Novice: 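Structure below; questions to follow.
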Amino acid sequence: MGDFMKKISIGIIGSGFASHLHCKYMAQVAGCSIDMRAIADIDIEKARKVSDKYGFRSYYDDYRRILDDKEIDVVHICTPPFLHSSMVSEILRAGKHVICEKPLTGYFGKEESAFSVGDTVPKSVMFREVRKELAEIEETVKSSNRLFMYAENYIYSPNVLKAAEILRAKQSKILFMKGEESLKGSTSPVAGIWNKTGGGSLIRVGSHPIGGILWLKREQAKSRGESIGVESVICDTARMTPFLSDYERRHIDVTPEDVEDFASLMITFTDKTKALVIAGDVMLGGTKNYIEVYSNDVVLDCRITPSDNLSSYMLDEDGLEDVYISELLPSKVGWQNPFVAEGVLRGYVGQFQDFMECVSTGREPLSDFDLAKQVTEVIYGAYFSAEEGKSVQL
């Protein structure tokens with residue numbers, strides 16, 4: 001293994017939900033030694049708790065301490081999305097590789113329009129500003145001699161990887177894809193506020209199936225020696241839950257102030273094929289993640305969650321207080337499909353394995369900057385389309 005056995009020191013910025021995922025599954029990376037060196041959060045107590053739980057050497061309330069640490073090789077951005085783009089540039093300029101959570105960036109409002117961004121700023125303005133920012137980030141990334149790794153776990157789901165392998169081997173032409181991430185809201189306190197998240201269900205959860213679909217199309221194009229991009233998008237969004245009474249919305253954990261809680265998006269590729277993405281915060285029953293692929297000679301149904309490799313039937317929840325069954329599924333009684341090997345099936349283990357191998361060997365990750373940029377462009381083109389009620393060319 002030679003060079004691959006070297007030690008890699010990491011720093012993490014942000015100590016919320018995403019940081020726990022990163023820490024938990026980084027510990028499962030094989031073939032190299034991971035040094036959990038430092039974590040930073042403006043809430044020093046939160047940083048301390050994550051540091052204690054996962055064995056970091058240091059914790060800070062200023063992320064610049066991580067950038068100044070010469071020993072750190074890779075920095076994970078696990079902050080709210082409005083901080084991503086400035087941190088990407090700072091980290092690369094500090095000479096470190098970067099792993100950035102989704103989305104890469106978004107429109108979060110200027111000083112004069114800090115509130116109700118989603119209701120007051122035209123989506124045409126957002127689309128233009130985001131594209132400009134993406135070009136600036138791209139310049140920084142491409143001129144850097146460090147890696148940009150986009151934390152899109154769908155790509156590393158074994159289902160999606162196997163689908164890509166089959167498509168490459170058969171040199172199939174994908175005609176239509178359908179992907180969805182739906183659930184009953186979010187645990188994040190800022191999920192309903194545009195200036196913190198850059199949008200609603202489409203960017204927060206729809207970014208996953210969009211990323212997986214765009215990557216599969218890219219893999220198809222490569223295997224056939226073609227170049228395929230996104231030609232246009234047409235999207236419809238809704239904000240439905242405010243029309244429910246308090247009693248009617250008792251099972252749904254979403255408070256959309258100026259964001260959508262449902263979106264359906266149709267993507268047209270330059271080869272005239274199509275993809276449909278559904279993203280919702282209004283669907284009970286746990287978390288639904290899948291990508292269906294319909295090609296000229298094979299159909300592939302990637303069921304990411306829930307999986308069907310274990311079924312359970314329980315009449316009560318006695319003794320199960322600390323037993324995890326499923327994300328955003330409040331009851332454990334009756335028939336269930338408990339999540340098994342979730343970190344593997346949802347792609348987190350494969351994602352960090354790939355990223356650490358890339359840092360060790362210098363090769364490019366499967367989930368790279370080009371994908372992060374394309375996902376962001378598609379999402380903001382979709383928001384523009386939903387507001388205008390017509391197709392938007394990319």
Side-chain angles (χ1 to χ4, degrees), residues 8-29 34-106 108-109 114 137 140 146-153 185-199 203-205 207 253 255 324 327-328 343 348 351-352 355-356 359 372:
I8 298 173
S9 289
I10 69 160
I12 294 183
I13 307 174
S15 61
F17 177 74
S19 72
H20 288 271
L21 281 178
H22 284 233
C23 293
K24 184 177 177 182
Y25 296 118
M26 282 291 294
Q28 296 182 32
V29 169
I34 305 296
D35 172 22
M36 308 293 272
R37 192 164 177 90
I39 184 162
D41 194 289
I42 50 171
D43 184 338
I44 192 76
E45 190 56 27
K46 278 176 70 180
R48 184 190 65 76
K49 283 180 181 171
V50 178
S51 177
D52 290 349
K53 182 171 183 176
Y54 297 103
F56 283 88
R57 296 182 187 215
S58 310
Y59 59 92
Y60 309 120
D61 60 4
D62 182 357
Y63 72 91
R64 289 175 188 85
R65 298 279 298 275
I66 287 176
L67 304 191
D68 292 340
D69 187 333
K70 297 284 189 286
E71 296 298 313
I72 289 177
D73 303 298
V74 191
V75 180
H76 300 233
I77 302 176
C78 297
T79 62
F82 69 95
L83 295 168
H84 288 185
S85 84
S86 59
M87 286 183 174
V88 166
S89 300
E90 283 186 81
I91 293 162
L92 291 173
R93 289 192 182 110
K96 303 183 188 308
H97 304 292
V98 61
I99 296 172
C100 183
E101 263 299 331
K102 59 82 194 170
L104 168 57
T105 189
F108 307 101
I137 306 170
T140 307
R146 292 292 180 264
L147 294 170
F148 175 97
M149 295 162 277
Y150 177 49
E152 180 40 73
N153 53 286
S186 172
T187 53
S188 167
V190 298
I193 307 167
W194 195 294
N195 69 6
K196 295 290 189 290
T197 56
I203 197 166
R204 220 188 62 254
V205 295
S207 56
D253 300 325
T255 311
Y324 174 64
E327 183 186 6
L328 287 170
Y348 297 115
Q351 171 181 274
F352 292 116
F355 290 170
M356 293 304 103
V359 170

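Note that the coordinates shown come from a computational prediction; the quantities given were computed from them, not determined experimentally.
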Novice: Could you pull out all residues at least two apart from Phe56 that satisfy ring pair (Phe, Tyr, Trp, His ring centres under 6.0 Å)?
Specialist: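 Not a single residue meets the ring pair (Phe, Tyr, Trp, His ring centres under 6.0 Å) criterion with Phe56.
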
Novice: Considering only NZ, NE, NH1 and NH2 on the basic side and carboxylate oxygens on the acidic side, decide whether Arg37 and Asp73 come within less than 4.0 Å.
Specialist: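 Judged by the 4.0 Å cut-off on N to carboxylate O distance, Arg37 and Asp73 do not form a salt bridge.
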
Novice: Is any side-chain heavy atom of His76 closer than 4.5 Å to a side-chain heavy atom of Phe352?
Specialist: yes

Novice: Less than 4.5 Å apart, side chain to side chain, heavy atoms only: is that true for Ile99 and His22?
Specialist: yes

Novice: Test your reading of the model: is there a side-chain donor-acceptor pair from Lys49 to the backbone of Ser15, 3.5 Å cut-off?
Specialist: no

Novice: Would you name the heavy atoms of Ala191 and Thr197 that are closest together and state the gap between them?
Specialist: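 That closest heavy-atom pairing would be CA-CG2, 3.9 Å.
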
Novice: When rounded to the nearest 0.5 angstrom, what is the spacing between CE in Met36 and OH in Tyr54?
Specialist: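 Answer rounded to 0.5 Å: 8.5 Å.
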
Novice: Do the non-hydrogen side-chain atoms of Pro80 and Lys196 ever get within less than 4.5 Å of each other?
Specialist: no

Novice: Once you round to the nearest 0.5 Å, how far does CE of Met26 lie from OG of Ser19?
Specialist: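 Output value for this atom pair is 12.5 Å.
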
Novice: Can you name the residues that form a side chain to side chain contact (heavy atoms under 4.5 Å, CB included) with Arg48, not counting sequence neighbours?
Specialist: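 For Arg48, the residues satisfying side chain to side chain contact (heavy atoms under 4.5 Å, CB included) (neighbours in sequence not counted) are Glu45, Asp52, Tyr59.
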
Novice: For Gly185 and Leu328, which heavy atoms make the closest approach, and how far apart are they?
Specialist: O-CD1, 3.6 Å

Novice: So do Glu71 and Asp35 actually touch side chain to side chain, heavy atoms under 4.5 Å?
Specialist: no

Novice: Taking all atoms of both residues into account, what is the closest heavy-atom pair of Leu104 and Phe148, and its distance?
Specialist: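 Looks like CD1-CZ, 3.7 Å.
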
Novice: To the nearest 0.5 Å, what is the distance between OH on Tyr63 and CD1 on Ile77?
Specialist: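 Here the rounded value is 9.5 Å.
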
Novice: Quick one: pull up NZ in Lys46 and CD1 in Ile39 and give me the separation to the nearest 0.5 Å.
Specialist: 9.5 Å

Novice: Inspect the surroundings of OH in Tyr324 and state if more than 12 heavy atoms from other residues, nucleotides or ligands are less than 6.0 Å away.
Specialist: yes

Novice: A side-chain contact here means heavy atoms from C-beta on lying under 4.5 Å apart; do Ile13 and Leu83 qualify?
Specialist: no

Novice: For the CD1 atom of Ile12 and the CD1 atom of Ile66, what is their distance to the nearest 0.5 Å?
Specialist: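 Between Ile12 CD1 and Ile66 CD1, I get 8.0 Å after rounding to 0.5 Å.
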
Novice: Please report the closest heavy-atom contact between Val75 and Lys96, naming both atoms and the distance.
Specialist: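 What the structure gives for the nearest pair is CG2-CD, 3.7 Å.
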
Novice: Can you check whether His84 reaches Glu101 side chain to side chain, under 4.5 Å on heavy atoms?
Specialist: yes

Novice: Which atom names give the shortest non-hydrogen contact between Gly198 and Ile203, and what distance separates them?
Specialist: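 Shortest heavy-atom separation between Gly198 and Ile203 comes out as O-CD1, 3.7 Å.
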
Novice: Measuring only between side-chain heavy atoms, which start at C-beta, is His20 closer than 4.5 Å to Val50?
Specialist: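 Result yes, sub-4.5 Å side-chain heavy-atom pair found.
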
Novice: Please list, chain by chain and in numerical order, all residues satisfying side chain to side chain contact (heavy atoms under 4.5 Å, CB included) with Thr105, sequence neighbours excluded.
Specialist: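 If we apply the side chain to side chain contact (heavy atoms under 4.5 Å, CB included) test to Thr105, skipping adjacent residues, the hits are Ser85, Phe108, Glu133, Leu134, Ile137, Thr376.
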
Novice: Excluding sequence neighbours, so at least two apart, what forms side chain to side chain contact (heavy atoms under 4.5 Å, CB included) with Ser58?
Specialist: Ala38, Tyr60

Novice: Listed by chain and number, what are the salt bridge (Lys or Arg N to Asp or Glu O under 4.0 Å) partners of Asp68, not counting sequence neighbours?
Specialist: none

Novice: What residues form a ring pair (Phe, Tyr, Trp, His ring centres under 6.0 Å) with Tyr150, not counting sequence neighbours?
Specialist: none

Novice: Any donor-acceptor pair under 3.5 Å linking the side chain of Arg146 with the backbone of Leu92?
Specialist: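 No, Arg146 side chain to Leu92 backbone: no donor-acceptor pair under 3.5 Å.
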
Novice: Below 4.5 Å, heavy atoms only, C-beta onward: do Tyr25 and Gln351 meet side chain to side chain?
Specialist: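 Heavy-atom side-chain distance check fails, nothing below 4.5 Å.
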
Novice: Would you name the heavy atoms of Ser207 and Glu152 that are closest together and state the gap between them?
Specialist: O-OE1, 3.6 Å

Novice: Measure the CZ-OG distance between Arg204 and Ser186 for me, rounded to the nearest 0.5 Å.
Specialist: 4.5 Å

